[in-house]
**Q** 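Quick one: the structure is below, and I'll ask about it shortly.
A, B, ... follow the sequence lines: proteins, then strands. Residue 1 opens every chain.
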Protein chains: 2
Amino acid sequence: MSFKTTATISSFGGKLLKLTHTSSTLSCDMALNLYLPPTAESSTQKIPVLFYLAGLTCTGDNGAEKGFFQKRASEKGIAVVYPDTSPRGLTIEGQDESYDFGTGAGFYINATRVPWSSNYKMESYITSELPTHLFESFPSLDRTRQSITGHSMGGHGALTLFLKNPGLYKSVSAFAPIANPVNCPWGQKAFAGYLGEDKEGWKKHDASELLKGWKGGFETLIDVGTGDNFYKQGQLLPENFVAAAKESGHEKGVVVRYQDGYDHSYFFISTFSTDHVDHAAKYLFA
Amino acid sequence: MSFKTTATISSFGGKLLKLTHTSSTLSCDMALNLYLPPTAESSTQKIPVLFYLAGLTCTGDNGAEKGFFQKRASEKGIAVVYPDTSPRGLTIEGQDESYDFGTGAGFYINATRVPWSSNYKMESYITSELPTHLFESFPSLDRTRQSITGHSMGGHGALTLFLKNPGLYKSVSAFAPIANPVNCPWGQKAFAGYLGEDKEGWKKHDASELLKGWKGGFETLIDVGTGDNFYKQGQLLPENFVAAAKESGHEKGVVVRYQDGYDHSYFFISTFSTDHVDHAAKYLFA
């Protein structure tokens, strides 16, 4: 399925493409943004790709407009993909009842519980269908060099999709990730709704649980604001991810920076997004 | 009248303050954003201030969220003020009938025509009341070092307020400014509505006309995107500003950069905002 380009916007010397396509995985039309750095046109070599997964209530626009990834991505020669956060335009009962479940809250997992299981397959969409279409439609993108990052729910998505798919991504980083969803209200609500009450099964979608069983090297950069109310409320639990890293011998590779006074917003993300592009670049150009 | 701080948000090492106050000039409550760089707390010296005037339909939030001025302002030690674009919360008949007149479209002039003349005094608000309150409430800001920039309608505002108030601002620059409003649909509609039909009087609020009579030195940086539909439609007319500069002997000081393919959006502004902060810094720290 090819993409329709609804807009081509100049940004930091490259082009931000606003794309739409019909997803067979999600059985709906989806929109996303794709940033192509200047080297996408000038270079004879394929360019690496960084996926940015957004958080609850967001679309692919928030990161593209407010995250400020494009400046460094342009300098480094990295394409950035900004997908949406859930299927759209469906009529599933309850999909719009709350900000943290259903529309805008796909949690980057494949739902197994009716009625969500027929469409809410964001894990397959992000790791399989979307990249397949992107690499087919944009030959300048290098399918062998993908990295992933994300914010909040998208930080959970980035960490878990990296840990569930060894070798698929060259690197992972996260902004204020939901790092131990089985133990926080957001994660418990989403997993119960999308997966049912088998809490043992939830662990396959929990970054801290997945890290405990991770073999081989693991290096990540995580930023968390100390003024982040969701951090204070125990929705993020980065300490549990660090504990899991210590339990599994990965503590040296898990760099968690507690940023003094920063909140959960895109003002926080934009301040540190350059560091996360640099983190990805270190591995994409290794 | 003092400000109420409704939020303090960390951004690039400094603080973005969301402020509200009651404006006696506009006879309404107004909101704005103020970015204080790290030096606002650490430096023993007062810090200079850059005013960013936004365009049609915007508020003080657009530039703060999408303009990306904060990174360079933090590095340079410059405070950035993001005011609103019109009085708010009024009940003037016709104020909300179109995007380019009334609410969100104050045009940074003092209206002389009823019913607008009682509240639509954005020129006095931006050049007098707002800075007076800011310098009273934030002693770390240096009232002797102010610069101004803006986008579209705000670019018109920046250029005209600089030219109307010799010595008030150390420098001026603009993104896609409405550079000759007496000769474009946006300007003609606004000036007729706010000032009446005396077209000769409109010239006192037209950057190109004001530049013709400007004595002394004049140096500015103007960016215009060649893919900007409003530029193509003749709403901006930067060529007329350049012609006025030549007519008045200021052509060397008027640097207009036509940016290939860029549009009128904040993707354009964020790409070049660092250059405009640097332009202001050159004069604020001279």
Side-chain angles (χ1 to χ4, degrees), chain A residues 6-18 33-38 40-42 58 61-75 80 82 175-176 223-229 231 257-275 277, chain B residues 6-18 33-38 40-42 58 61-75 80 82 175-176 223-229 231 257-275 277:
Chain A
T6 61
T8 301
I9 304 166
S10 295
S11 174
F12 291 100
K15 301 291 184 184
L16 185 75
L17 307 185
K18 303 193 85 66
N33 290 295
L34 168 64
Y35 179 68
L36 296 175
E41 291 182 356
S42 65
C58 291
D61 290 343
N62 301 67
E65 295 177 358
K66 301 180 180 181
F68 207 65
F69 294 89
Q70 276 106 256
K71 181 176 190 295
R72 189 60 128 212
S74 174
E75 294 166 349
V80 185
Y82 302 96
F175 303 83
D223 280 308
V224 179
T226 63
D228 183 329
N229 286 328
Y231 168 57
R257 306 188 304 187
Y258 291 93
Q259 304 290 2
D260 184 37
Y262 283 84
D263 64 14
H264 201 69
S265 76
Y266 273 84
F267 290 109
F268 158 67
I269 297 170
S270 60
T271 299
F272 300 106
S273 56
T274 296
D275 294 347
V277 174
Chain B
T6 60
T8 301
I9 303 166
S10 295
S11 174
F12 290 100
K15 300 291 185 186
L16 185 75
L17 307 185
K18 303 192 85 67
N33 289 296
L34 168 64
Y35 179 68
L36 296 175
E41 290 182 356
S42 64
C58 291
D61 290 342
N62 301 69
E65 295 177 357
K66 300 180 179 181
F68 207 65
F69 293 89
Q70 276 106 259
K71 181 176 190 295
R72 190 59 131 214
S74 174
E75 294 166 349
V80 185
Y82 302 95
F175 303 82
D223 281 308
V224 180
T226 62
D228 184 328
N229 286 327
Y231 168 57
R257 306 189 304 186
Y258 291 94
Q259 304 290 2
D260 183 37
Y262 283 84
D263 64 14
H264 200 68
S265 75
Y266 274 84
F267 290 109
F268 158 67
I269 297 170
S270 60
T271 299
F272 300 105
S273 56
T274 296
D275 295 345
V277 174

**Q** At their closest point, which heavy atom of B:A64 faces which heavy atom of B:L16, and how far apart are they?
**A** CB-CD2, 4.0 Å
**Q** Which one, A:E65, A:K15, A:Q70, leads in non-hydrogen pairs under 4.5 Å with chain B?
**A** A:E65
**Q** Identify which one of A:F12, A:F175, A:Y35 satisfies the ring-ring contact (aromatic ring centres under 6.0 Å, His included) criterion when paired with A:F68.
**A** A:F12
**Q** Check each atom of B:Y266 against the heavy atoms of chain A and say whether the ones under 4.5 Å are side chain, backbone, both or neither.
**A** neither
**Q** Considering only NZ, NE, NH1 and NH2 on the basic side and carboxylate oxygens on the acidic side, decide whether A:R72 and A:D275 come within less than 4.0 Å.
**A** no
**Q** Could you check if a side-chain atom of B:T274 sits within less than 4.5 angstrom of a side-chain atom of B:K71, using non-hydrogen atoms only?
**A** no
**Q** B:Q259 versus chain A, heavy atoms under 4.5 Å apart: side chain, backbone, both or neither?
**A** neither
